[in-house]
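Quick notes on the structure that follows.
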Amino acid sequence: MSRLLLTNEGPPVPADLATEFLTRLSQFCADQTVDLEALMETVLADRAPQRSPADLDHRALLASPRSADRQQLWHQVGLAQMHLAVNTIDHVRALSTVLSAPRARVPVYAHAGLARAAIESAALLLHLLADGETFDARLARGVALLIMDAGEAAKAARRVPGNPYMPSPGPKATADRDELLALVDRARIVQVRNRNNTATKSITVGDSPEQTAAVKASDLAAKHFADQPAIYNLLSGIVHGLPWRLADSATLRGREMLWEPDPMDIAGSVLAAVAAASRVGGGFAAYRGFPDDRRVVALAGRVNQVDRAMQTFGRKWGVLDGRQPTIARFLQPGPTRQ
């Protein structure tokens, strides 16, 4: 960067110090995606060990009522899980890219959107994997997601008008949703309708509790990223263009307003993103029966590396003078030693 980075809090940070720090953050993101991709390929290529959650689910699926129909649904749920994992990887890699040339320019705000997408995908994937729950609960959650997704697709498609070159996609998307609902009925999976009987409210399989067809990303993020309280809300404040968050990177001097990237704010997005990748890898490896894979350890270790890098940078910059917490713990509620 050609000039000092300015923030609302703390002293200016020298450009060389910021450049070195942001370059390290970029590499952390890149390394995280490499390890997560390799881990996913391994756990998908190898057969799940006996008595692993994935193996037990497969046995339960084969023995379940209307097994052929349920296998079709379970296959679609598996594809949805893979989409979520790839989405996490994709956004962490994109975050690495936008930070890879800090002397040219780094984003003031856009890093938050990338981190938020990674968190949202990771939280939804962990919701579907439902660690510690039964196969019936996982199937119910998966089917609920498929129904919600199909409904959103149909709603969006209906808003696209036809033209002389192509028909509106609305009828096709609506037919796809209806076909899915018919498959769910054939599979003898209970759809709990809403009060007006206009939509599926939740899904029940066997004796498992009802699983809502409209899970909230904010609730899932709060559950699976409880060590970073409100991180999803903070990132969403930028993604939704809310002034209270956009103002964080602005400095007002008389009639002049400057927007400059805040290295510690960017690092917070990186910390969230690499944590999302770590939890995707750890959760999926555990489900497939490979919890001790070395890359699970590497993914988790990199979260701590980002944490330590933030400590070091914050102390050099002077914004953590007199403070002793790690950044991840600093985000947790509780007293901070001055």
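Note: hydrogens, waters and symmetry copies are ignored here, and every other heavy atom, side chains too, is used. Everything numeric in this text was worked out from a predicted model, so none of it was measured.
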>> When you compare the side chain of V280 with that of L36, does any pair of heavy atoms fall below 4.5 Å?
In response: yes

>> Give me each pair satisfying side-chain hydrogen bond (donor to acceptor under 3.5 Å, both in side chains) with a member in residues 37-49, each pair once, sequence neighbours excluded.
In response: E37-R93, T42-R295

> Which residues satisfy the side-chain contact (heavy atoms from CB on, under 4.5 Å) test with T200, sequence neighbours excluded?
Replying inline: I147, L181, Q191, R193, I203

>> Tell me which pairs pass salt bridge (charged side-chain N to carboxylate O under 4.0 Å, His left out) where either residue lies in residues 106-122, with sequence neighbours left out.
In response: R116-E120

> Is it true that a side-chain atom of R177 and a backbone atom of A150 form a donor plus acceptor pair closer than 3.5 Å?
Replying inline: no

> Is a side-chain donor or acceptor of S52 paired with a backbone partner of A48 at a separation under 3.5 angstrom?
Replying inline: no

> Quick check: does any side chain N or O of S121 sit under 3.5 Å from a backbone N or O of A118, one acting as donor and the other as acceptor?
Replying inline: no

> For S202, which residues count as a side-chain hydrogen bond (donor to acceptor under 3.5 Å, both in side chains) partner, sequence neighbours excluded?
Replying inline: E210

> Any side-chain heavy atom of R138 within less than 4.5 Å of one from T134?
Replying inline: no

> Does a side-chain heavy-atom distance below 4.5 Å link L61 with Q71?
Replying inline: yes

> Do the side chains of S26 and S100 get nearer than 4.5 Å, heavy atoms only?
Replying inline: yes

>> Let's go through Q81 and V77 carefully: what are the C-alpha distance in whole Å and the side-chain angles of both, what is the deciding distance for side chain to side chain contact (heavy atoms under 4.5 Å, CB included) to 0.1 Å, and is it a yes or a no?
In response: CA-CA 6 Å; Q81 292 176 357; V77 172; 3.9 Å; yes

> Can R66 and D185 be counted as an ion pair, charged N to O under 4.0 angstrom?
Replying inline: no

> Side chains of H83 and N87: donor-acceptor distance under 3.5 Å anywhere?
Replying inline: no

> For atom CG of N163, is the number of surrounding heavy atoms from other residues, nucleotides or ligands below 6.0 Å larger than 12?
Replying inline: yes

> Just by modelled atom types, is the V92 backbone N or O under 3.5 Å from a matching donor or acceptor in the T33 side chain?
Replying inline: no

> Do any pairs count as a ring-ring contact (aromatic ring centres under 6.0 Å, His included) and have a residue in residues 195-239, sequence neighbours left out, and if so which ones?
Replying inline: none

>> Is there a path of hydrophobic side-chain contacts, each under 4.5 Å between heavy atoms, that joins M148 and L183?
In response: yes

> What residues, two or more places apart in sequence or in another chain, satisfy side-chain hydrogen bond (donor to acceptor under 3.5 Å, both in side chains) together with D131?
Replying inline: none

> Is I189 close to L73 at the side-chain level, that is, under 4.5 Å between some pair of heavy atoms?
Replying inline: yes

> Does the side chain of N194 pick up a donor-acceptor pair with the side chain of T198 at under 3.5 Å?
Replying inline: yes

>> Just to verify, what does Q27 make a side-chain hydrogen bond (donor to acceptor under 3.5 Å, both in side chains) with, not counting sequence neighbours?
In response: D31

>> Give me each pair satisfying side-chain hydrogen bond (donor to acceptor under 3.5 Å, both in side chains) with a member in residues 273-291, each pair once, sequence neighbours excluded.
In response: D57-Y287, D227-R279

>> Using the rule given for side chain to side chain contact (heavy atoms under 4.5 Å, CB included), can you reason through Q72 versus Q76, listing the C-alpha separation, both sets of side-chain angles and the distance that settles it, and then say yes or no?
In response: CA-CA 7 Å; Q72 187 175 344; Q76 293 183 42; 4.1 Å; yes

> Would a 4.5 Å heavy-atom cut-off, applied to side chains only, mark V98 and V106 as touching?
Replying inline: no

>> For F313, give me all partners under ring-ring contact (aromatic ring centres under 6.0 Å, His included), at least two apart in sequence or on another chain.
In response: F21, W317

> Should K172 and D176 count as an ion pair when the cut-off is N to O under 4.0 Å?
Replying inline: yes

>> Closer than 3.5 angstrom, by distance alone: can the side chain of S236 be matched with the main-chain N or O of V239 as a donor-acceptor pair?
In response: no

> Judged by atom type as modelled, is there a donor-acceptor pair below 3.5 Å linking the side chain of R302 to the main-chain atoms of V274?
Replying inline: no

>> Side chains of D248 and D265, heavy atoms from C-beta outward: is any pair under 4.5 Å?
In response: no

> When you check the gap from the basic side-chain N to the acidic O, do K223 and D219 get nearer than 4.0 Å?
Replying inline: no

>> Applying side chain to side chain contact (heavy atoms under 4.5 Å, CB included) to I119 and L235, what does each step give before you reach the verdict?
In response: CA-CA 10 Å; I119 283 181; L235 297 174; 3.8 Å; yes

> Taking ILVMFWY side chains as joined if any heavy atoms are under 4.5 angstrom apart, and letting links pass through other members, which residues group with V192?
Replying inline: V190

>> List the residues meeting side-chain hydrogen bond (donor to acceptor under 3.5 Å, both in side chains) with R308, not counting sequence neighbours, and say none if there are none.
In response: none

> V297: which other cluster members, linking ILVMFWY side chains closer than 4.5 Å, directly or transitively?
Replying inline: none

>> For a 4.5 angstrom cut-off between non-hydrogen side-chain atoms, does D293 reach L39?
In response: yes

> Going by an N to O cut-off under 4.0 Å, is there a salt bridge joining E256 and R253?
Replying inline: no

>> Keeping E260 on the side-chain end and A250 on the backbone end, is there a donor-acceptor pair under 3.5 Å?
In response: no

>> Between L234 and R245, does the side chain to side chain contact (heavy atoms under 4.5 Å, CB included) criterion hold? Intermediate values first, please.
In response: CA-CA 7 Å; L234 292 170; R245 279 295 281 129; 4.0 Å; yes

